[in-house]
Enquirer: 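One structure, pasted below without further comment.
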Amino acid sequence: MVPNRAPGAALVPDPSADTRRSVPDPYRWLESADSPETLLWLEERGREYEREAATWPLREHLAELIRSLVDTDLWSPPVHRSGAVFATVRPAGSEHPRLVVLDGDGPPRTLYDPGSDGPHTTLDAWEPSPDGALVAVQTSSGGVERGSLRVLRADTGAPVGPPVPGVRYSHVAWVPPRTPPSRQEAPSFYYVRRDGERGVRGVWLRRVPDGAETLVHACTAPDTVPGVRVLGDRWLLVSESHGTGHRTDLWLADLTAASHGHPEPRPVQVGEEAETEARLGPDGLLYLRTTLGSPWRRICVVSPEEPGVEHWREVVPEDGGATLDAFAPFPGGDGPALFVSRTRLGVSAAAVHDARSGALLYTVELPGEGMVSTPEAAPDGSVYLGYADVATQQRVLRLSPGERLPVPWPPGAADAPPSPVVERSVVWCRSEDGTRVPVTVFTAVGRGRRERVSPRLVPEPTLLHAYGGFGRPRQFGFSATVLAWLLSGGRYAVAHVRGGGDAGREWHLAGSGRGKPRAVEDLVAAADALVGSGMCTREQLCLSGGSAGGLLVLAAATARPDLCGAVIASAPLADMARFELMGLGRMWTREFGTAADPDDFAALMSYSPYHRALDGAGTRFPSVLLTGFHGDTRTDAAHPRKMCAALLAAARAEEREEGRPHVLLRYERDVGHGPRAVSRAVGLAADAHAFAAHRTGLSPR
């Protein structure tokens, strides 16, 4: 049961009046993750969850199906260094990817296996040195995403020097060796500190093996995320991100003209409201993918000698209907070329352009309607890329120079097995302000559906997913969970709501900050459209979202309790009065606004799910499954804990009448917001969708 407590209050500053406002917050005590009261409360929620989950007919079926769909070798695109090839592979049946080296034609040699450091350890990032002799490896444990960075010898895997503690997804950029090499010069690398717990936040130079450090670039603006890369063994690129997906500042320094510890950076882009990524081409020029002057992103080129914005020249213009996701300069047959991928409503298209004129040379023949990711050029001019679609597991493809059809990698990799046939369609809805919002719908065919032989559309259990945050376009890669749902007879839909990047930067900004309620309205309109079209009934509709998407589905369901039959909110934000004080919330004020601003605060409170639930005593909300992860350092598990308590209190009377809970909390320890072991990922996915199946009436044909 929820302990009886005196109502608390969230104190919110109001700078315009120099006062503090209070809002109801009776479950503030649940922000204390390890207090005796919270632990007792969590034990009761756990027992409640297990009792209910044991009644879900499809729990084991979905777990077995999802497990079979992910039981395959999973590779990352390779990284080439002086003849050595590095990659990660998660062999079929393994829990985590491991870092391997491919030496010649022999089998992959394991350089680092996170399982050797315990079952809860994950490999978060890695970067080999220019000569391939050393590799910087980042790991964390228990899901906290803040671990250690250590250097390993590539030939033996032995550690070199002391580790760097408290690192969170740091960029690592190895200092290129001088020409001619100096015997006295020790290997060194640049890395970033994202917080001030161990000193100044910014870019640091670290020497191997003694661990001596020098501050290279300090972040002076609050709540920015530093980044660093070395381009072409010469140029040091330093970045600062101001609010995820909103603005990037870039500086470039010539490492041949100054001390590695004291480079002399020049601005590339500073103070512009644009997001920009830079890469060096084989012609020595700097290529930039940017939203500056182009909401859908374009590619510009500039000399690194004079990299300022005033010298940029456009080579690949924006496409007004597709977001330019990724690019890779590479040496083409007749001069430098650009591999370019764009996403249109979740589906990637790829092409090769002339890097000098921007002219389209040819389109790339992708295996299907899926997602292209992480294209990287190799020394021989090939481009390696990840590819996946709704029915095809992630795989690596190699595009040889001049070829239009990429082939599977690594050598000897077999073609993907035949995939189930999944049909994709797009329907449109109209949001409250009149904006047309697209909704993509997937259906597996060959499952005995009546609409395959009859024009009459049959309502079926439907998952409606949304994210709508940080300008991220929704891309349709592989999800074993989604495919298992489709193969079991359900429909799967994605609402391309504002706040995401599905229709360019303006689409993102329209659904961020004080415009975030528009994203909620878009999702409500999408749900109404699915029901109105006859694809599902209200009772057959389950909203699904995680993190910022979890916030969105909870906001929609608490704004319109009649909207759907069920909701899955995984690691969601929920208390928007105090989100800045939990997890990484302080970094997201450009995306959501700040409670310190009266107008921002009014917008936050207009959709904050926690507060809507507090105001909804006696309201019949949809059935809700919340998931929380004790090690979550991003959204903080206090959000789903508090949201669960508020919904339990609101629905308690009707629960007593019906004898089953309408809100459940699935809570895990030793994991966080990011990667986890395969078995735990399968268990989470199966449970969430068994809940959805039970609540919406899904039963496999």
Enquirer: Would you check if Phe579 and Leu604 make a side-chain contact, meaning some heavy-atom pair closer than 4.5 Å?
Expert: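 Answer yes - side chains close enough.
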Enquirer: May I ask you to test the Leu552-Val520 pair for a side-chain heavy-atom distance under 4.5 Å?
Expert: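 They are in side-chain contact.
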Enquirer: Assess the residue pair His260 and Ser188 against the criterion (side chain to side chain donor-acceptor pair (under 3.5 Å)); give the C-alpha distance rounded to whole Å, side-chain angles, the decisive distance to 0.1 Å, and a yes or no.
Expert: CA-CA 9 Å; His260 292 161; Ser188 55; 5.1 Å; no
Enquirer: Any chance you could measure Thr594, atom OG1, to Asp599, atom CG, to the nearest 0.5 Å?
Expert: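 Thr594 OG1 to Asp599 CG: 12.0 Å, rounded to 0.5 Å.
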Enquirer: Under the side-chain contact (heavy atoms from CB on, under 4.5 Å) test against Leu399, which residue among Trp409, Phe330, Phe339, Tyr384 passes?
Expert: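 So, applying the side-chain contact (heavy atoms from CB on, under 4.5 Å) to Leu399 and each of Trp409, Phe330, Phe339, Tyr384, only Phe339 qualifies.
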Enquirer: Rounded to the nearest 0.5 Å, what separation is found between the CD atom of Glu305 and the CG atom of Leu285?
Expert: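 If I round to the nearest 0.5 Å, the distance is 10.0 Å.
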Enquirer: Decide side-chain contact (heavy atoms from CB on, under 4.5 Å) for Tyr190 and Val172; before the verdict, give the C-alpha distance in whole Å, the side-chain angles of both, and the deciding distance to 0.1 Å.
Expert: CA-CA 6 Å; Tyr190 299 100; Val172 170; over 6 Å; no
Enquirer: How long is the straight-line distance from CZ of Arg90 back to CD of Gln394, given to the nearest 0.5 Å?
Expert: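 Nearest 0.5 Å value for the CD-CZ distance: 10.5 Å.
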Enquirer: Run the numbers on Thr139 and Ser148 for side-chain contact (heavy atoms from CB on, under 4.5 Å), then give the verdict.
Expert: CA-CA 6 Å; Thr139 62; Ser148 66; 3.7 Å; yes
Enquirer: State whether the number of non-hydrogen atoms from other residues, nucleotides or ligands found under 6.0 Å of His311 atom NE2 is greater than 12.
Expert: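 Atom NE2 in His311 is packed in, count exceeds 12.
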Enquirer: Does the gap between the ring centers of Phe592 and Phe470 come in under 6.0 Å?
Expert: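 For Phe592 and Phe470, the ring centres are under 6.0 Å apart.
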Enquirer: Please confirm whether the ring centroid of Phe189 lies under 6.0 Å from the ring centroid of His171.
Expert: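 No, the ring of Phe189 stays outside the 6.0 Å limit from the ring of His171, centre to centre.
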Enquirer: Any chance the side chains of Glu273 and His242 put a donor and an acceptor closer than 3.5 Å?
Expert: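 No.
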Enquirer: With a 4.5 Å cut-off on side-chain heavy atoms, are Val301 and Ile299 touching?
Expert: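 Counting from C-beta outward, Ile299 and Val301 never come under 4.5 Å.
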Enquirer: Establish, for the pair Arg193 and Trp204, whether the NZ or CZ atom is under 6.0 angstrom from the six-membered ring centre and no further than 45 degrees off its axis.
Expert: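 The answer is yes, since Arg193 meets both limits relative to Trp204.
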Enquirer: Specify the closest pair of heavy atoms between Gly501 and Thr323, including all atoms of both residues, with the distance to one decimal.
Expert: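 In terms of heavy atoms, the two residues are closest at O-OG1, 3.0 Å.
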Enquirer: Given Arg498 and Asp522, is the salt bridge (Lys or Arg N to Asp or Glu O under 4.0 Å) satisfied, shown in steps?
Expert: CA-CA 7 Å; Arg498 283 172 285 185; Asp522 292 352; 2.8 Å; yes
Enquirer: Strictly distance-based, threshold 3.5 Å: is any side-chain N or O of Ser357 a donor or acceptor partner for the main-chain N or O of Ala359?
Expert: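 Confirmed, Ser357 side chain pairs with Ala359 backbone.
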Enquirer: Can you measure from CD (Glu376) to CG (Leu385) and round to the nearest 0.5 angstrom?
Expert: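 Spacing of CD (Glu376) from CG (Leu385) equals 10.5 Å.
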Enquirer: Looking only at side-chain N and O atoms, does Glu127 offer a donor or acceptor that is under 3.5 Å from a partner on Tyr191?
Expert: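 Side chains of Tyr191 and Glu127: no pair found under 3.5 Å.
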Enquirer: Do Asp389 and Met371 come close enough that some side-chain heavy atom pair is under 4.5 Å?
Expert: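 No; the side chains remain at least 4.5 Å from each other.
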Enquirer: List the atom of Val316, the atom of Arg298, and the distance in Å for their closest heavy-atom pair.
Expert: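 Smallest heavy-atom distance, with atoms named: O-CB, 3.2 Å.
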Enquirer: Return yes if some donor-acceptor pair links the side-chain N/O of Thr374 with the main-chain N/O of Pro77 below 3.5 Å, else return no.
Expert: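 No; judged by distance alone, with no hydrogens or angles, the pair does not exist.
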Enquirer: Would you say His217 and Leu215 make side-chain contact, with heavy atoms under 4.5 Å?
Expert: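 Of all side-chain heavy-atom pairs linking Leu215 with His217, none is under 4.5 Å.
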Enquirer: Determine the minimum heavy-atom distance between Arg206 and Pro162, stating which atoms define it.
Expert: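 Where Arg206 meets Pro162 most closely, the heavy atoms are NH2-O, 3.2 Å.
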Enquirer: Check whether any side-chain heavy atom of Thr291 lies under 4.5 Å from a side-chain heavy atom of Thr276, and answer yes or no.
Expert: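 Heavy-atom side-chain distance check fails, nothing below 4.5 Å.
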Enquirer: Is the side chain of Thr290 donor-acceptor paired with the backbone N or O of Leu292 at a distance under 3.5 Å, no angle test?
Expert: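 Yes, Thr290 side chain to Leu292 backbone: donor-acceptor pair under 3.5 Å.
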Enquirer: Looking at Pro473, is its backbone amide N or carbonyl O close enough to the side chain of Tyr467 to form a donor-acceptor pair, meaning the two atoms are under 3.5 Å apart?
Expert: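 No: the side chain of Tyr467 does not pair with the backbone of Pro473.
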Enquirer: For Gly593 and Asp600, which heavy atoms make the closest approach, and how far apart are they?
Expert: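 Minimum heavy-atom separation between Gly593 and Asp600: CA-OD2, 3.4 Å.
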Enquirer: On a heavy-atom basis, which atom in Pro78 and which in Val85 lie closest, and how many Å separate them?
Expert: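 Minimum heavy-atom separation between Pro78 and Val85: CB-CG1, 3.6 Å.
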Enquirer: Is a salt bridge present between Glu580 and Arg586, judged by a nitrogen-to-oxygen distance below 4.0 Å?
Expert: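 Salt bridge between Glu580 and Arg586, a charged N being under 4.0 Å from a carboxylate O: no.
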Enquirer: Would you check if the side chain of Asp325 reaches a backbone N or O of Thr343 as a donor-acceptor pair within less than 3.5 Å?
Expert: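 Side chain of Asp325 to backbone of Thr343, a donor-acceptor pair under 3.5 Å: yes, one is there.
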Enquirer: Begin from the C-alpha positions of Asp502 and Arg472 and carry the test salt bridge (Lys or Arg N to Asp or Glu O under 4.0 Å) through to its verdict.
Expert: CA-CA 7 Å; Asp502 304 88; Arg472 296 177 185 170; over 6 Å; no
Enquirer: Please confirm whether the backbone N or O of Gly549 pairs with a side-chain atom of Ser547, one donor and one acceptor, at under 3.5 Å?
Expert: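 Between the backbone of Gly549 and the side chain of Ser547 there is no qualifying donor-acceptor contact (under 3.5 Å).
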Enquirer: Verify salt bridge (Lys or Arg N to Asp or Glu O under 4.0 Å) between Arg247 and Asp249, making sure each step is shown before the conclusion.
Expert: CA-CA 7 Å; Arg247 169 186 153 195; Asp249 289 340; 2.9 Å; yes
Enquirer: Quick one: do Arg297 and Arg505 satisfy side-chain contact (heavy atoms from CB on, under 4.5 Å)? Show the steps, please.
Expert: CA-CA 8 Å; Arg297 298 180 184 154; Arg505 183 173 174 81; over 6 Å; no
Enquirer: Is any NZ, NE, NH1 or NH2 atom of the basic residue among Glu306 and Arg266 found under 4.0 Å from an Asp or Glu carboxylate oxygen of the other?
Expert: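 Judged by the 4.0 Å cut-off on N to carboxylate O distance, Glu306 and Arg266 do not form a salt bridge.
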Enquirer: Do Leu551 and Met576 come within less than 4.5 Å of each other through their side chains, counting heavy atoms only?
Expert: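 Leu551 vs Met576: side chains touch.
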Enquirer: Any donor-acceptor pair under 3.5 Å linking the side-chain atoms of Ser382 with those of Arg398?
Expert: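 Result is yes, a qualifying pair exists.
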Enquirer: To the closest 0.5 Å, what do you measure between CZ (Arg634) and CE (Met587)?
Expert: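 The distance works out to 12.5 Å.
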Enquirer: So how far is it from Leu252 CG to Arg234 CZ, rounded to the nearest 0.5 Å?
Expert: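 That separation rounds to 9.5 Å.
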Enquirer: For the pair Ser170 (side chain) and Val192 (backbone), establish whether a donor and an acceptor sit closer than 3.5 Å, ignoring hydrogens and angles.
Expert: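 The answer is yes, because a donor-acceptor pair under 3.5 Å joins these two groups.
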Enquirer: Crowded around Asp210 CG? As in, over 12 foreign heavy atoms under 6.0 Å?
Expert: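 Enclosed: over 12 neighbouring heavy atoms sit under 6.0 Å from CG of Asp210.
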Enquirer: Do the non-hydrogen side-chain atoms of Gln475 and Ser348 ever get within less than 4.5 Å of each other?
Expert: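 They are in contact (side-chain heavy atoms under 4.5 Å apart), so the answer is yes.
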Enquirer: I'd like to know whether Trp296 forms a side-chain contact (heavy atoms from CB on, under 4.5 Å) with Glu506, so could you lay out the CA-CA distance, the side-chain angles of the two residues, the decisive distance to 0.1 Å, and finally the verdict.
Expert: CA-CA 9 Å; Trp296 296 85; Glu506 292 173 355; over 6 Å; no
Enquirer: Treating Thr224 as the side-chain partner and Thr220 as the backbone partner, does any N or O pair qualify as donor plus acceptor under 3.5 Å?
Expert: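 Flag not set: sc Thr224 to bb Thr220 has no pair under 3.5 Å.
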Enquirer: Using modelled atom types only, decide if a donor and an acceptor are shared between the side chain of Trp312 and the backbone of Pro307 within a distance under 3.5 Å.
Expert: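 Side chain of Trp312 to backbone of Pro307, a donor-acceptor pair under 3.5 Å: yes, one is there.
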Enquirer: Heavy atoms only: give me the nearest Trp251-Pro265 pair and the separation to one decimal.
Expert: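 Closest approach of Trp251 to Pro265, heavy atoms only: CB-CB, 3.8 Å.
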Enquirer: Strictly below 4.0 Å, N to O, side chains only: are Asp597 and Arg514 in salt-bridge contact?
Expert: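 So Asp597 pairs with Arg514 through a salt bridge.
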Enquirer: With no hydrogens and no angle check, is any side-chain donor or acceptor of Gln269 less than 3.5 Å from a backbone partner on Thr248?
Expert: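 Looks like yes, one N/O pair under 3.5 Å.
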Enquirer: Could you go through the salt bridge (Lys or Arg N to Asp or Glu O under 4.0 Å) check for Arg356 and Asp354 one step at a time?
Expert: CA-CA 6 Å; Arg356 294 163 296 193; Asp354 185 289; 3.4 Å; yes
